[in-house]
Each structure stands twice: as structure tokens, then as C-alpha cells.
Amino acid sequence: MRDLAYYDMRAFLLERQIDNTATFRLNELAEKWECSDKNVKRKLKKYQELEFCHYQPGRGRGNASKITFTQSFQSEIEDFIRNAVEQENLDKLLTLLQLDIPREWFSAVSSEMNELFGLHTEKGDQDILRLVIARPFSILDPLHTSINMESSLLLQLGDPLVRFDTTTNTVMPCIAHHWKAENNSTIWTFYIRKGIRFHHGRTLTSTDIRHTLEKAMQKGTVTHWYLTDITRIELLSETKITIHLRKPNPFFIRYLCLGNLVILPHDTPFDEYKWISTGAFQLAQRSSQKLVLEAFDSHFLERPFLDRIEFWLVKDQTNPVITVTNMGNTDNPDYTDHATKDYGVNIVTFNFKHCAFAHHPAFREAFYHLLDPQKMLRDLENHEESEASSYFFHKSSAQQRDASKIQTLLKSAHYSGETLRFAILSHIKTIHQGQWIVAQAAKFGISLDLHIIDISSEFYQTSHWEDIDISMGADVPSSDIEVAFMDFYGNPNLAPQRFLAKKELQQIEELLHQARQCTRFSDRDHFYDQIESFVRDNHLFLFLEHLTKHQFIHATIQTEDKHLYGHLNLKKLWID
């Protein structure tokens, strides 16, 4: 069987190939294979002996060599996939899928590939679900995780003190079975269940809760701003803990429901590749290509219905993020398309900390008229998304743009065509939108230099954001939309904290503080409206569109939970 280095070579030479023949220089393959020219010759000679190809060395130093393959690349790919399926070798198959190979070639063998993915019952009645993801997981540390896909895993691996029920919009017991708020919501006492076990076997106590909260209170974490009101944490017993706040905060308990505040053991240093907590799943394996969860039999609430869940990386999918077992065939009747219309909101933000023009209201208003979401959606033939004028889907409506004002506004802002660095994240659709914005800006004399930031490896690195003038990115809320709204403005990894000026942030934070003092949603919502009016009136950032997410879910996968914000509750899945 051909090795992966061979397929890597064929993918590399595909564009220059004519009638199964391509020319190349030895140093090109040496760089591709990360070896010496001598080893390249040795490999090519081996492939020729196996009758995979005929290799003709270039005559003279620096002259191109020629290789003629005995079989078409597409037929080799199809043979490779069938062989991998027969051997149940997912690692080789997934490695192949990372190569630059035309995706339409896989359609002929999609049914064979689907045999490896999806739902399986193995020896011992082990129910296993294999999912496909379009990018590798980034940070899985709850104190530093800000991306929706990763955040959704935190509540599978760990449990918070209490949980938020999205169907009733109420706080429910979890690690704490009861609680009470006293002294105008400045003293919170929690009563802890007995017998809760961590993945490493020890029983949870109030010491672990204090340890988790004290870690989360440290500056530099994404949770710091939630917990700034805490003055003291008092351990009354192993199953009773009191949290003292410096000022009233009836909303405080909602923060304690977050996946970022799952309880971690105080006696084990946190390791995101081992992940010890109390969750219904425990981390069995994590690599750059896959992540494996296994059911935790000793979970204190309820054991998951599935025994094992595997996430496998397949880049450049037609339908990115998560596709459940359906490898490229969206018309397969065995799969149902679960579309989430209110998956999040796409926003353009100005960097007040770097871009001098951001401080000119006229420049920001010019961009508002420039970025017409409806025109963008029409031009890109995106008929699923809808224009956003608010963080909240139900509050959004179409807004008027007037392109005739742009030149006057730019002149008022003293902008004369200076090049500005424009950053976007590395989603396929986002890249197309970023290119559209660059072209649209150029029509009005605005020069944008497009920078693509990899969401898995570069999102958290502040050095990639410091010299950005304008950015575009989506905020995907958690299941608690109110906390998500507050997190959007308070999380140090998200655009407002990264880019807005201190004066504007202080005004927003003051309104949020007033909202947190309210016990009724309608009263809090009044302050949310004030925040959004302030943002819109001053064009501090520009709402573009509300997103739609698709999940292709096999008909045999059942769940009692709705698919909220695009992610399945893995604890509640079962096989029909």
C-alpha cells in the first residue's frame, strides 16, 4: 500500500500534472518531506520499484526531474479510502483528508467513509459516536477559554456549582443542592451534595470550590470580571460554603452556572490534556487530530447514555464546525439538517487603542454607510443570514444606509487613503466576507490590508491583535443569553475589551452594573437597550448579520435537549 508521503507528493504535484506526468526539483520534495535530496531519491526509487511511477532524474545540476504515475491520483485516493475502511484505520484516513485533494473525489466513496464515522456498537455493547470537526480544538482551560465550541465541552467534562435551565430560564441545583442569598444578595450560602467524585477518585469538598473560585478571581483569566465583587469565601464545613460580596448583586448566581466555573480539584494541578473534574465525561485522549471522551460511570447526577464520543478533525469541510457523520453528502436521507438561525452575531469593531481614525465619529459613521449587510448578503448569495442591528436576534431590524455621505464623512475625519490593517478569523465564509469588505472599501478610497487570524492557534495571542485597526468577528453566545451579552463586553479576549476606548467601556460597564442590581429581566433589559443605543448611536462597532449554523444529525441519534446555539448536549444523546 502506498504510504502517506506518496499521497502528499501527489497532492503537491497535482496542479502541474498533465496526463499523469509532472516535473519538479528535488529540493521541492526535500522541503515537503523535510528530508535531504539523497532521501528524496531513495524514496522515488522505492516507489518506482513498486511500480507506482517512473522517475526520470533531471540532467545536470538544478534541472527539473520528471515523474510519470502508473495510475490516476483520483483512483488511488478511492482505493486508499476503501482499504482504510476495511482496516478501520481512521488515523490514516483523517491524515489523508488534511491533504490538498479535491473534495469532490470523496463523493464516490462517501458511503464507505461513513461506515467509519457515526454510530457504532462494539463488543460489550459499547455505544460509540464519532463526530467530525473542521478545526482543531484550541484552549480547553476553563479560565482561558472564550470560543463557543470549546466552551460547550467544559460542561461535558465538569460541573459548575449550579446550572442554568434554558427551558425555564431558572437556576437549578447541580453540585450545590440548595442555596440562599441574604443581606441584600451580598451573602450567598451553598449546600454541597455529599459523595461527588472527581475523575481521579477523590470526593469533592467545599475546599475544591474555594480553590476553583480563587483561581478564577485572578487577573488575566476570562472569569476575573465575574467575580470582582467577592471579598471573602468562608468554609463552614466540607459541605457548606459562604461567599461574601462587597455590594448587592442578585445576578451573581447566574455566573456560577458557567462552564468556565466548573469545579476543579484543589490537590491536582490543572492539565488540559488530562482534565480532571467531576463531569459526565472524562477525557480519554487528545491529540492534534482527535479528541476522545469516555463516560464517567461515577457521575453524581446521571451517567451518559453513550459510552464514548470521538471528535475527528477534517479540515475544509463543505459544512464547517461540526458535521455528525455525514461526510459531504447533504442530500443523504438518513440525516436531518438541524439549523440554528440565532447562532450568533457578526460584528465589525474599531480598535481605539491603535487606529487614530477610530476616534473620529465621522470615520466610524462612514464605515456604517459603507457596510450594508443586505448588499453583502446579496452579493455573496447568502440567503440564510439576516441583517443585525442588535446583539439579540429578536431586537434586530433593517437599518438605512446612505453611500452618498461616505466621501464627506471621510473628508471630515481627515482620512486620505492610509492603509489600515483589517483582521478576520479563519472561517471559510468569514474570509469571503472579509474580501468583500476590502473590495467595497476600495470603491470609496479606503485601503484595507486583510489579515487572517487562525482561530485555533492565534486567537488568544495578543501580539496578533495589537496593531490591528479594524476587525470583524462573530460572537456566539452561550445558552444563557444574558450572561453571554455581559461576557461580550467584559471578557478580555473579546472585541470590546480588546479594542474600545476606556471612556466608552466605563459607560457600558456602569450600565451593566445597574442591570446586575435588578431582580427582574424586564428591568435588566431596559439597561441592555441603553447599552445598544449607545453603541449604535456612536457607531462604536457595527452589527452585520445574525448567523445560521447547520448540523447534519443521523436519524438514529436522539436527545431530550434542544440543539441550543449549535451544540448538542452530549450527556443527553442516545441511539434509537
Side-chain angles (χ1 to χ4, degrees), residues 88 90-91 116-133 137 140-142 145 149-163 165 172-175 177 193-204 208 257 259 261-265 268 270-287 289-313 322-325 479 551 553-564 566-576:
E88 294 193 2
L90 275 80
D91 291 281
L116 282 182
F117 294 93
L119 303 160
H120 296 265
T121 299
E122 298 192 351
K123 292 179 180 178
D125 289 330
Q126 283 271 309
D127 288 331
I128 297 173
L129 175 62
R130 292 181 180 136
L131 308 177
V132 178
I133 56 175
F137 287 102
L140 283 179
D141 182 342
T145 298
M149 184 169 75
E150 283 79 346
S151 295
S152 70
L153 274 187
L154 301 183
L155 290 172
Q156 311 296 323
L157 292 165
D159 298 289
L161 202 54
V162 287
R163 67 180 182 87
D165 188 321
M172 304 292 288
C174 193
I175 283 177
H177 59 82
R193 296 178 193 264
K194 296 180 179 180
I196 296 177
R197 294 204 173 272
F198 286 108
H199 297 149
H200 66 346
R202 183 174 61 75
T203 301
L204 179 147
D208 300 299
C257 301
L261 292 176
V262 297
I263 305 304
L264 302 174
T268 306
F270 179 77
D271 184 339
E272 65 175 294
Y273 284 84
K274 294 181 180 177
W275 240 104
I276 296 173
S277 187
T278 64
F281 286 99
Q282 51 191 336
L283 186 63
Q285 183 180 353
R286 182 184 177 189
S287 68
Q289 194 171 53
K290 66 181 176 181
L291 182 143
V292 179
L293 306 179
E294 290 183 347
F296 181 43
D297 291 335
S298 299
H299 189 244
F300 67 97
L301 286 179
E302 186 178 28
R303 186 195 187 279
F305 303 127
L306 297 179
D307 300 295
R308 182 180 173 98
I309 296 178
E310 302 175 359
F311 294 88
W312 290 83
L313 177 65
I322 293 183
T323 303
V324 183
T325 78
S479 57
Q551 286 182 292
I553 299 175
H554 197 279
T556 57
I557 298 177
Q558 303 295 322
T559 179
E560 62 191 50
D561 278 12
K562 60 181 179 180
H563 314 295
L564 191 64
H567 292 285
L568 295 169
N569 182 356
L570 304 177
K571 293 180 282 191
K572 299 294 185 179
L573 298 183
W574 74 89
I575 300 173
D576 188 353

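For the single chain, residues carry numbers from 1 onward in sequence order.
Of all the heavy atoms in H299 and G279, the pair that sits closest is CD2-C, 3.4 Å. Across T278 and H199, no two heavy atoms sit closer than the pair C-NE2, 3.7 Å. Between S151 and T145, the closest heavy-atom pair is OG-CG2, 3.5 Å. Among all heavy-atom pairs drawn from P142 and F270, the shortest one is CD-CZ, 3.6 Å. Residues P265 and D208 come closest through the heavy atom pair CA-OD1, 3.5 Å. Pairing each heavy atom of F198 with each of I276, the nearest pair is CB-CG2, 4.3 Å.
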*Report the C-alpha separation of W275 and L264 in whole Å, then their side-chain angles, then the decisive distance to 0.1 Å, and conclude whether the side chain to side chain contact (heavy atoms under 4.5 Å, CB included) test is met.*
CA-CA 9 Å; W275 240 104; L264 302 174; 4.0 Å; yes
*For F300 and R193, what are the C-alpha separation, side-chain angles and deciding distance, and is it a side chain to side chain contact (heavy atoms under 4.5 Å, CB included)?*
CA-CA 9 Å; F300 67 97; R193 296 178 193 264; 3.7 Å; yes
*Passes side chain to side chain contact (heavy atoms under 4.5 Å, CB included), K290 versus Q285? Steps please.*
CA-CA 8 Å; K290 66 181 176 181; Q285 183 180 353; 2.9 Å; yes
*asked:* Set out, in order, the CA-CA distance, both residues' side-chain angles and the distance that settles side chain to side chain contact (heavy atoms under 4.5 Å, CB included) for L291 and L283, then state yes or no.
replied: CA-CA 8 Å; L291 182 143; L283 186 63; 3.8 Å; yes
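For the atom pair Q282 CD and K274 NZ, the distance stands at 14.0 Å (nearest 0.5 Å). Taking CZ of F296 as the start and CZ of R197 as the end, the distance is 8.5 Å to the nearest 0.5 Å.
A 4.5 Å side-chain heavy-atom check between I175 and I196 finds at least one atom pair inside the cut-off. The side-chain heavy atoms of L161 and C257, taken from C-beta on, include no pair separated by under 4.5 Å. Within the 4.5 Å cutoff, side-chain heavy atoms of T268 are placed close to those of H200. Between L153 and F137, the closest side-chain pair of non-hydrogen atoms falls below 4.5 Å. Contact check for L293 versus L570: side-chain heavy atoms found under the 4.5 Å cut-off.
The salt bridge (Lys or Arg N to Asp or Glu O under 4.0 Å) analysis of residues 151-162, with sequence neighbours excluded, yields no pairs.
One N or O on the side chain of E272 and one on the backbone of L140 form a donor-acceptor pair closer than 3.5 Å. Of the possible polar contacts, none joining the K571 side chain to the F305 backbone as a donor-acceptor pair under 3.5 Å is found.
Comment: R308 does not engage D127 in a salt bridge, judged by the lack of any side-chain N to carboxylate O separation of less than 4.0 angstrom.
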